2 protein chains.
Amino acid sequence: MTNVTTAATESGDEPTPPARRARGEQTRQLILETALRLFRERGYAETTMRAIAKEAGVAVGNAYYYFDSKEHLIQGFYDRNQADHRAASGPALAGSADFADRLRGVLHAGIDVNAPYHSFAATFFKSAAEPSSPLSPFSRESSPARDASIGLFRDVVEGSSAKIDPELRKELPELLWLGWMGVILFWVYDKSPDQRRTRRLIDGAVPLIDRLVALSRLRVLRPALRQILALIESVRRDD
Amino acid sequence: MTNVTTAATESGDEPTPPARRARGEQTRQLILETALRLFRERGYAETTMRAIAKEAGVAVGNAYYYFDSKEHLIQGFYDRNQADHRAASGPALAGSADFADRLRGVLHAGIDVNAPYHSFAATFFKSAAEPSSPLSPFSRESSPARDASIGLFRDVVEGSSAKIDPELRKELPELLWLGWMGVILFWVYDKSPDQRRTRRLIDGAVPLIDRLVALSRLRVLRPALRQILALIESVRRDD
DNA sequence: CGCCCTACTTGAACGCGTTCAAAGTTGTGC
DNA sequence: GCACAACTTTGAACGCGTTCAAGTAGGGCG
């Protein structure tokens, strides 16, 4: 774990906050790094806040000064993972203009990136499932990571040579992201060696999606497509 | 099968114990009833094991004699809910032979039954999301409730006049159950008044499913259907 | 320099889910 | 009746996440 924060803390001119003390930010990073390391080494449930504090050389209360709860520490994991996913998707997005290739590449890259955390991800996944939790992929707190992820699928669509119905094209990135959440859900439950069932799911589903997307321009299917898009729209309304 | 887990599990087919002592079963029911009542009144997280014990007039430890954990109390909720769902589906299943009507009726009945528990269901949903949890809808412990639920959707299919591709017909109950899990997932996250977005989702999705199922018999779509069924099969393999 | 203000830090304490050794209760065989 | 074993019940105690009143420190201003 390389300390990425030094550069930021050394500069004496921070933009938004009063640039007076960067000491706190150092402690914050220290606690976060320590926590993520222990999560990886021992698992989430087995890592106590007391252990994190002790290992980081601070008091328990100090961790709560920087993080609202133990769960909030995972948000850092999310953010880093999202960045890794984009990086790992680079080759696939640069290598082909074929929609199916691009989608398959990004999905497999996502699984690659998450693979080392399979067992540990499963245990903290339960936190993410609670709708009111800030860790939920649908929560306001997760929206930066979510938007970044949707952006990744926007790149899949926009960089592809596929001819797509314009109305569908608009919705497709978010729909693909939703599908990706489904894949992650499947992956979390996947106990097969190397999660190969998830790989098969991706390889099998991508051609189907590809064909479905291509069919979206057929005039015969226009009413059906419209109906689906209308359903999505009507379901999205309200709050 | 190997029912060695706790002394608390149903002793229905165990050979050894003399069936004389049913006194424990009374206490077990008392604790369960009290717990579910308090969950409904105060919510899951806000109901403490101490409060359940006090309200039931027993010691905390006694609750743990019959239930491995606070989460295990929810299994009772599951079972009852499943029975209620079937009962509430009666009219819809008796009233029409139209596939869409039957499916819509069963789905709405399921939401009706769960509605009183919406806020509390959301908090216990996080337990269900953990793959290793016995509360997971895919777990071995949940298989009785799961099988019963799949059976409900089998009734939807078998009692309907819809003409369905025979291969699809075989898989359809389980697929509909999976879809039902998706609806529940959506419902848990649905914060609109009376969860009306979930109602709209059902009303919008049912005709689409109905049409899709009807199309399954078209010869042109046979290869596509085969491909989908093959994907399901290939993903199901392994463990 | 010295004082203040505020960002930061502390650790005891709280209530929680859970455990467990001990005690109580009850049916059965002698 | 008695003793024994199995079943049931108890509540103090443990370790956890979390809170909070109290303390510390270091830059800015007089």
Side-chain angles (χ1 to χ4, degrees), chain A residues 9 12-14 16-32 34-35 38-39 42-75 123-124 126-127 130 133-135, chain B residues 4-11 14-32 34-35 38-39 42-75 123-124 126-127 130 133-135:
Chain A
T9 52
D13 208 347
E14 287 294 327
T16 340
R20 306 196 296 143
R21 302 187 203 183
R23 195 162 110 261
E25 191 54 30
Q26 244 178 16
T27 310
R28 186 192 162 85
Q29 288 301 327
L30 171 65
I31 291 168
L32 180 59
T34 307
L38 293 183
F39 288 166
R42 318 180 182 177
Y44 178 72
E46 289 72 23
T47 303
T48 68
M49 290 300 281
R50 284 165 178 77
I52 295 170
K54 191 173 186 178
E55 193 81 4
V58 300
V60 264
N62 204 3
Y64 282 93
Y65 181 75
Y66 292 102
F67 299 93
D68 287 349
S69 73
K70 187 182 175 186
E71 291 190 352
H72 275 77
L73 284 165
I74 301 178
Q75 199 69 252
T123 68
F124 85 44
K126 84 188 254 190
S127 311
E130 188 165 21
S133 163
L135 285 171
Chain B
V4 203
T5 49
T6 64
T9 46
E10 296 290 336
S11 56
E14 283 291 325
T16 1
R20 279 288 298 262
R21 309 188 189 195
R23 181 138 156 285
E25 193 54 31
Q26 243 178 13
T27 311
R28 186 194 159 85
Q29 289 301 327
L30 171 64
I31 291 169
L32 181 59
T34 308
L38 293 183
F39 288 167
R42 317 180 183 177
Y44 179 70
E46 291 72 24
T47 303
T48 68
M49 291 299 282
R50 283 165 178 78
I52 295 170
K54 192 172 186 180
E55 193 81 1
V58 300
V60 266
N62 204 3
Y64 282 92
Y65 180 76
Y66 291 102
F67 300 92
D68 287 349
S69 72
K70 188 181 176 188
E71 292 189 351
H72 275 77
L73 284 165
I74 301 179
Q75 198 68 253
T123 68
F124 88 42
K126 85 188 252 190
S127 311
E130 188 165 22
S133 164
L135 285 170

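The shown structure was predicted, so the numbers you read here are calculated from the model rather than taken from an experiment. Here is the naming used below: chain letters follow the sequence lines, and residue numbers restart at 1 for every chain.
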A.B. asks: Could you walk me through whether B/I52 and B/M49 pass side chain to side chain contact (heavy atoms under 4.5 Å, CB included), step by step?
C.D. replies: CA-CA 5 Å; B/I52 295 170; B/M49 291 299 282; 4.1 Å; yes
A.B. asks: Counting side-chain heavy atoms from CB outward, which of D/dT10, D/dG17, C/dT18 is closest to B/A59?
C.D. replies: D/dT10
A.B. asks: Tell me whether the guanidinium CZ or amine NZ of A/R28 lies under 6.0 angstrom from the six-membered ring centre of A/Y65 and within 45° of its axis.
C.D. replies: no
A.B. asks: Does A/T27 have a side-chain nitrogen or oxygen under 4.0 Å from the phosphate oxygens OP1 or OP2 of C/dT9?
C.D. replies: yes
A.B. asks: When the nearest nucleotide of DNA chain D is assigned to A/N62 and to A/M49 on a heavy-atom basis, which residue is associated with the more 5' position?
C.D. replies: A/M49
A.B. asks: Which one, C/dT18, C/dT9, D/dT18, comes nearest to the side chain of A/Y66?
C.D. replies: C/dT9
A.B. asks: Would you kindly give the NZ-to-P distance between A/K54 and D/dG15, to the nearest whole Å?
C.D. replies: 13 Å
A.B. asks: At less than 4.0 Å, is any side-chain N or O atom of B/Y64 found next to OP1 or OP2 of C/dT19? Yes or no.
C.D. replies: no
A.B. asks: Would you kindly give the CZ-to-P distance between A/R28 and C/dA7, to the nearest whole Å?
C.D. replies: 16 Å
A.B. asks: Classify A/F67 by what it touches in the nucleic acid, base, sugar-phosphate, or nothing, heavy-atom distance under 4.0 Å.
C.D. replies: nothing
A.B. asks: Could you tell me how far apart B/K70 (NZ) and D/dC16 (C1') are, to the nearest whole angstrom?
C.D. replies: 14 Å
A.B. asks: Expressed as a whole number of angstroms, how long is the span from B/E25:CD to D/dT8:P?
C.D. replies: 9 Å
A.B. asks: Answer with yes or no whether B/R50 presents, from its side chain, a donor or acceptor under 3.5 Å of a partner atom in the base of C/dG17.
C.D. replies: yes
A.B. asks: Given that A/A45 and A/G61 both sit by DNA chain D, which one's nearest nucleotide is further toward the 5' end?
C.D. replies: A/A45
A.B. asks: Give a yes/no verdict on a cation-pi contact between A/K70 and A/Y44, requiring under 6.0 Å between NZ or CZ and the six-membered ring centre and an angle within 45° of the axis.
C.D. replies: yes
A.B. asks: Can you confirm whether A/F39 sits close enough to A/L73 that some side-chain heavy atom of one is under 4.5 Å from a side-chain heavy atom of the other?
C.D. replies: yes
A.B. asks: Please determine whether a side-chain nitrogen or oxygen atom of A/Y65 lies at a distance below 4.0 Å from atom OP1 or OP2 of C/dC8.
C.D. replies: yes
